[in-house]
Amino acid sequence: MTEENNNAPSDFIREIIDDDLREDRNQGRVATRFPPEPNGYIHIGHAKSICLNFGIAAQYKGTCNLRFDDTDPSGESLEFVESIINDIHWLGFDWEDRLFFASDYFEKLYQLACELIKAGKAYVCDLTADEIREYRGSFTEPGKESPNRNRSVDENLDLFERMRAGEFEDGTHVLRARIDMTSPNIVMRDPVIYRIKRAPHYRTGDTWVIYPMYDFAHCLSDALESITHSICTLEFENNRPLYDWIMNQLISGSRPQQIEFARLNLSYTVISKRMLIELVEKGLVNGWDDPRMPTVSGLRRRGYTPEAIRNFCAEIGVAKNDNLIDVALLEHCVRDDLNEKAPRVMGVLRPIRVVIDNYPEDGVEEFEFANHPQNPEMGTRKVPFSRVLYIERDDFQEDPPGKYKRLAPGREVRLRNAYVIRYERMVKDEETGEITELHCTYDPETRNASSPDGRKVKGVIHWVSAEHSIPAEVRLYDRLFQVADPASESGDFTEYLNPESLETLGPCYVEPSLKNAEPGSRYQFERLGYFSVDSGDSQPEKPVFNRIVALRDTWGKRAATGK
RNA sequence: UGGGGCGUCGUCAAGCGGUAAGACACAGGACUUUGGUUCCUGCAUUCGGAGGUUCGAAUCCUCCCGCCCCAGCCA
């Protein structure tokens with residue numbers, strides 16, 4: 001205990017593993033697995049599990065397999081397999097040659113099921129789905145035994161074989177584990193372990209018409225892969241006795257142990273696969289990788305970094321409490337990462353023209369700006385300045401509130417990294433009253449330095465040269481839902497969607513260095529936030545930017561609360 | 001209702017009988033050519049509640065309360 005690594009995350013699961021290692025269980029091996037079903041894209045909740053499973057394997061010098069739990073052909077597809085593989089790699093994890101599919105175990109699982117039958121521990125049941133439900137009893141009443149429960153081994157073997165051979169219609173027979181119809185745990189009341197389902201499987205095609213159920217396939221897949229710690233979420237806690245029961249019947253030697261942790265919930269979004277599928281299928285978002293989605297592909301397209309997501313997963317911890325993590329923590333994690341990595345640039349989202357009256361008509365000069373104020377190694381770039389500029393509409397107010405530090409009648413501001421300018425007059429549209437143009441004068445003495453006379457200029461605003469800037473589309477994203485926990489709200493969760501979760505702005509004007517910005521690259525637009533070049537819609541010379549997250553805004557917050 | 005699980009700051013979460021870590025959020029302040037970053041400071045006399053054991057309890061015991069999961073031939 002003298003060499004405790006304080007940086008290694010610790011949680012109750014790692015404590016269990018520490019114990020196991022101390023007691024020399026599993027020959028000192030640690031083997032985990034991440035077992036997604038390929039029936040959807042993975043989301044931030046999966047990321048928590050991925051970080052846990054792969055993180056533990058790395059920490060204990062063990063292994064983590066990727067195994068697709070593809071035992072229900074309906075809804076599963078290669079598209080999902082590919083997206084999941086891509087997403088996990090992007091998150092920064094690798095399983096080398098340990099890519100597995102439960103569907104590859106179908107034959108073995110079938111043989112294991114036969115063994116269970118031979119041991120008198122499983123039987124073919126002819127009851128209908130409705131009847132099985134009735135026979136199962138309820139929370140308060142014990143179940144009744146199926147009339148087929150005491151069939152002979154030979155008959156069961158024969159029937160099961162004929163199920164496999166396709167002699168029976170879907171739903172007419174199932175294979176059940178023979179456990180205890182009076183168990184207080186409903187999972188143990190002779191659970192179905194095989195059903196007939198004539199659906200083409202994306203990998204095995206039509207070679208099978210019977211498929212194993214999760215409870216049967218999952219634990220045995222773990223055993224076949226010599227998994228030591230089978231980590232899953234809390235809702236499987238009730239299934240653990242069944243997991244252990246099957247292990248006891250069919251597996252000798254060391255067996256995997258199931259450990260459950262609380263799944264992630266994130267505020268102002270939904271995480272359940274069912275709901276995400278609904279959002280996609282109803283067209284309420286623009287696909288699985290819509291930047292508003294909590295999917296890994298959505299976060300990636302938004303501009304999140306894998307590091308930020310991993311840090312987030314480390315930060316939230318692992319426990320058994322139901323939780324609703326504040327999305328502000330996720331946002332903090334990207335800001336924290338991007339603050340170091342993202343080059344600074346200038347872009348004006350809601351432009352207003354500014355004419356510098358005393359600047360030469362055709363004058364142009366180039367300023368050399370640092371790409372990062374705290375990190376000179378990130379280099380510099382050139383940014384042109386000229387007589388006509390754009391600044392942010394927000395950065396001028398005719399009648400500014402107290403403590404306003406930007407441009408206003410009678411005031412001066414510093415144009416970031418350039419000159420101090422002074423307000424002279426404004427031009428308004430006669431009909432609408434809207435300000436269309438500002439006229440200012442600049443002080444040449446203030447070029448890229450403190451004012452020589454020591455005068456203090458309150459505000460610094462960003463700008464872009466009108467003539468040299470590049471028009472761009474900018475997409476501003478806000479939380480997908482208006483309520484913190486839409487899944488727990490009454491009624492249809494889609495009623496709580498935030499109608500303003502996407503705001504498209506344009507034309508916005510960005511500095512010329514962004515003309516051919518790489519899709520996927522990330523920048524800080526100074527004073528605004530972090531933005532990424534959209535990997536789907538951005539074109540050379542016609543960039544599209546996604547706002548990943550706004551900068552912390554203590555002024556905006558103050559203004560919003562009326563202080 | 002039977003069974004399983006969980007209740008520590010607004011949100012997460014340490015704590016494992018020796019006198020409440022940390023993070024986010026929030027509130028002040030310093031610094032600042034990003035109202036960003038950074039840096040200080042504050043933020044649970046109290047651990048769902050009530051009893052009990054103990055010199056000592058968030059940690060042990062008892063009872064109570066609340067929340068979550070299970071009655072798919074989904075996972």
Query raised in the report: Going by a 90° cut-off around 0, is B/G72 syn or anti?
Result: syn
Requested in this report: Between B/U45 and B/A20, how far apart are the P atoms? Round to whole Å, please.
Outcome: 11 Å
Requested in this report: Indicate whether the side chain of A/Glu260 and that of A/Gln258 have a donor and an acceptor atom separated by less than 3.5 Å.
Outcome: yes
Query - Closest listed nucleotide, where the reference is the side chain of A/Lys403 and the choices are B/G35, B/A75, B/A13 - result: B/G35
Requested in this report: Using a 4.0 Å heavy-atom cut-off across all strands, classify A/Phe236 as base, sugar-phosphate, or nothing.
Outcome: base
Requested in this report: Hey, can you tell me if A/Tyr423 and A/Phe396 have their rings parallel, tilted or perpendicular (30° and 60° cut-offs)?
Outcome: parallel
Report summary line: Side-chain atoms of A/Arg344 come closest, of B/C26, B/G35, B/U34, to B/U34
Query raised in the report: When the ring planes of A/Phe493 and A/Phe481 are compared, do they come out parallel, tilted or perpendicular, using 30° and 60° as the limits?
Result: tilted
Query raised in the report: Checking all strands, does A/Arg189 fall into the base, sugar-phosphate, or nothing category for heavy-atom contacts under 4.0 angstrom?
Result: nothing
Report task. Could you check whether the rings of A/Phe531 and A/Phe525 sit parallel, tilted or perpendicular, using 30° and 60° as the cut-offs? Result -> parallel
Query raised in the report: Is A/Arg195 near enough to B/A75 that one of its side-chain N or O atoms lies under 4.0 angstrom from OP1 or OP2?
Result: yes
Query - Interface residues of residues 127-146 of chain A with RNA chain B (non-hydrogen, below 4.0 angstrom) - result: A/Leu127, A/Thr128, A/Ala129, A/Ile132, A/Arg133, A/Arg136, A/Ser138, A/Phe139, A/Thr140
Query - Candidates B/G36, B/C12, B/C24 - which lies nearest the side chain of A/His332 - result: B/C24
Query raised in the report: Base, sugar-phosphate alone, or nothing: which one does A/Arg406 contact when heavy atoms must sit under 4.0 Å apart?
Result: base
**Report entry** Side chain of A/Pro373 - closest among B/U34, B/A13, B/C74
**Finding:** B/U34
**Report entry** Within the 6.0 Å centroid threshold, strictly below: A/Phe385 and A/Tyr419
**Finding:** yes
Requested in this report: Mind checking A/Glu37 for me? I need base, sugar-phosphate or nothing, with any heavy atom below 4.0 Å counting as a touch.
Outcome: sugar-phosphate
Query raised in the report: Reckon A/Phe369 touches a base, only the sugar-phosphate, or nothing at all at heavy-atom distances under 4.0 Å?
Result: nothing
Query raised in the report: Roughly how far apart, to the nearest Å, are B/G48 and B/G10 at atom P?
Result: 13 Å
Report task. Have a look at A/Lys273 and say if it touches a base, only the backbone sugar-phosphate, or nothing, with a 4.0 Å heavy-atom cut-off. Result -> nothing
Query raised in the report: Expressed as a whole number of Å, how far does the C1' atom of B/G4 sit from that of B/G15?
Result: 25 Å
Query raised in the report: Should B/G2 form a Watson-Crick or G-U wobble pair with both distances under 3.5 Å, which nucleotide is its partner?
Result: B/C70
**Report entry** Rounded distance in Å - CG (A/Asp326) to C1' (B/G22)
**Finding:** 17 Å
Query raised in the report: Across all strands shown, which nucleotide pairs with B/C60 by Watson-Crick or G-U wobble geometry, both distances under 3.5 Å?
Result: B/G52
Query raised in the report: Looking only at atom P, what distance separates B/C39 and B/A50, rounded to whole Å?
Result: 41 Å
Query raised in the report: Given that A/Cys125 and A/Leu234 both sit by RNA chain B, which one's nearest nucleotide is further toward the 5' end?
Result: A/Leu234
Query raised in the report: What nucleotide among B/G36, B/C69, B/G5 has an atom nearest to a side-chain atom of A/Lys320?
Result: B/G5
Query raised in the report: Going by modelled atom types, is there a donor-acceptor pair between the base of B/G35 and the side chain of A/Arg552 at under 3.5 Å?
Result: no
Requested in this report: Check whether the side chain of A/Glu235 and the base of B/G5 form a donor-acceptor pair under 3.5 Å.
Outcome: no
Query raised in the report: Does any donor atom in the side chain of A/Glu79 or A/Ser77 lie under 3.5 Å from an acceptor atom in the other side chain?
Result: no
Report task. Name the nucleic acid region contacted by A/Val192, choosing base, sugar-phosphate or nothing; use a 4.0 angstrom heavy-atom cut-off, strictly under. Result -> sugar-phosphate
Report task. Compare side-chain N and O positions of A/Arg527 against OP1 and OP2 of B/G35 and report whether any pair is under 4.0 Å apart. Result -> yes
Report task. Measure from the side chain of A/Asn321, starting at C-beta and using heavy atoms only, and say which of B/C16, B/G7, B/C70 lies closest. Result -> B/G7
Requested in this report: Identify whether NZ of Lys or CZ of Arg in A/Arg344 sits under 6.0 Å from the centre of the six-membered ring of A/Phe369 and within 45° of that ring's axis.
Outcome: no
Requested in this report: Could you give the distance separating B/G52 and B/A57 at their C1' atoms, to the nearest angstrom?
Outcome: 11 Å
Requested in this report: Under a 3.5 Å limit for both distances, which nucleotide forms a Watson-Crick or G-U wobble pair with B/U32, could you say?
Outcome: none
Query raised in the report: Which residue, A/Asp322 or A/Asn417, contacts RNA chain B at a nucleotide closer to its 5' end, judged by nearest heavy atom?
Result: A/Asn417
Query raised in the report: Nearest of B/G36, B/U34, B/A75 to any side-chain atom of A/Thr554?
Result: B/G36
**Report entry** Complement of B/G42, any strand, by Watson-Crick or G-U distances under 3.5 angstrom
**Finding:** B/C26
Query raised in the report: Should the ring pair A/Phe106 and A/Trp208 be called parallel, tilted or perpendicular, given that the plane angle runs from 0 to 90° and is split at 30 and 60?
Result: perpendicular
Query raised in the report: Looking for any heavy atom pair under 4.0 Å, which part of the strands does A/Glu331 touch: base, sugar-phosphate only, or nothing?
Result: nothing
**Report entry** Distance in angstrom units between A/His372 NE2 and B/U38 C1', rounded
**Finding:** 11 Å
Report task. Mind calculating the distance between CG (A/Asn185) and P (B/G3) to the nearest angstrom? Result -> 11 Å
Requested in this report: Could you check how far CH2 of A/Trp555 sits from C1' of B/U32, rounded to whole Å?
Outcome: 17 Å
Query raised in the report: Under a 4.5 Å cut-off applied to non-hydrogen side-chain atoms, are A/Glu145 and A/Tyr135 in contact?
Result: no
**Report entry** Touch class at under 4.0 angstrom, heavy-atom based, for A/Val318 against every strand present
**Finding:** sugar-phosphate
Query raised in the report: According to a strict under-4.0 Å criterion, is A/Thr71 in side-chain N/O contact with OP1 or OP2 of B/A75?
Result: yes
Query - Pairwise C1' distance for B/C47 and B/A14, with rounding to whole Å - result: 13 Å
**Report entry** Donor + acceptor pair across side chains of A/Arg522, A/Thr305 (<3.5 Å)
**Finding:** no
Report task. Classify the ring geometry between A/Trp463 and A/Phe367 as parallel (under 30°), tilted (30 to 60°) or perpendicular (over 60°). Result -> perpendicular
Query raised in the report: At under 4.0 Å between heavy atoms, what does A/Asn239 touch on the DNA or RNA strands: base, sugar-phosphate, or nothing?
Result: base
Query raised in the report: Using atom P of each nucleotide, how far apart are B/G56 and B/U38 to the nearest Å?
Result: 46 Å
Report summary line: With sequence neighbours left out, the residues meeting salt bridge (charged side-chain N to carboxylate O under 4.0 Å, His left out) with A/Asp180 are none
Report summary line: Taking B/U34, B/G4, B/A75 as options, the one with an atom nearest any side-chain atom of A/Gln524 is B/U34
Requested in this report: Looking at every strand, decide which applies to A/Met213 at a 4.0 Å heavy-atom threshold: base, sugar-phosphate, or nothing.
Outcome: sugar-phosphate
Report task. Starting at atom CG of A/Asp190, determine the distance to atom P of B/C70, rounded to an integer number of angstrom. Result -> 21 Å
**Report entry** From B/U34, B/A75, B/G5, nucleotide with atom closest to A/Glu237 side chain
**Finding:** B/G5
Query raised in the report: For B/G7, which nucleotide is its Watson-Crick or G-U wobble mate, given both distances must be under 3.5 Å?
Result: B/C65
Query - N or O in side chain of A/Lys557 less than 4.0 angstrom from B/C26 OP1/OP2 - result: yes
**Report entry** Nearest to side-chain heavy atoms of A/Ala328, which nucleotide of B/C70, B/C24, B/G2
**Finding:** B/C24
Requested in this report: Please measure how far the P atom in B/A44 lies from the corresponding atom in B/U11, and state the result in whole Å.
Outcome: 15 Å
Report task. Sort out the partner of B/G17 for me: Watson-Crick or G-U wobble, both distances under 3.5 Å, none otherwise. Result -> none
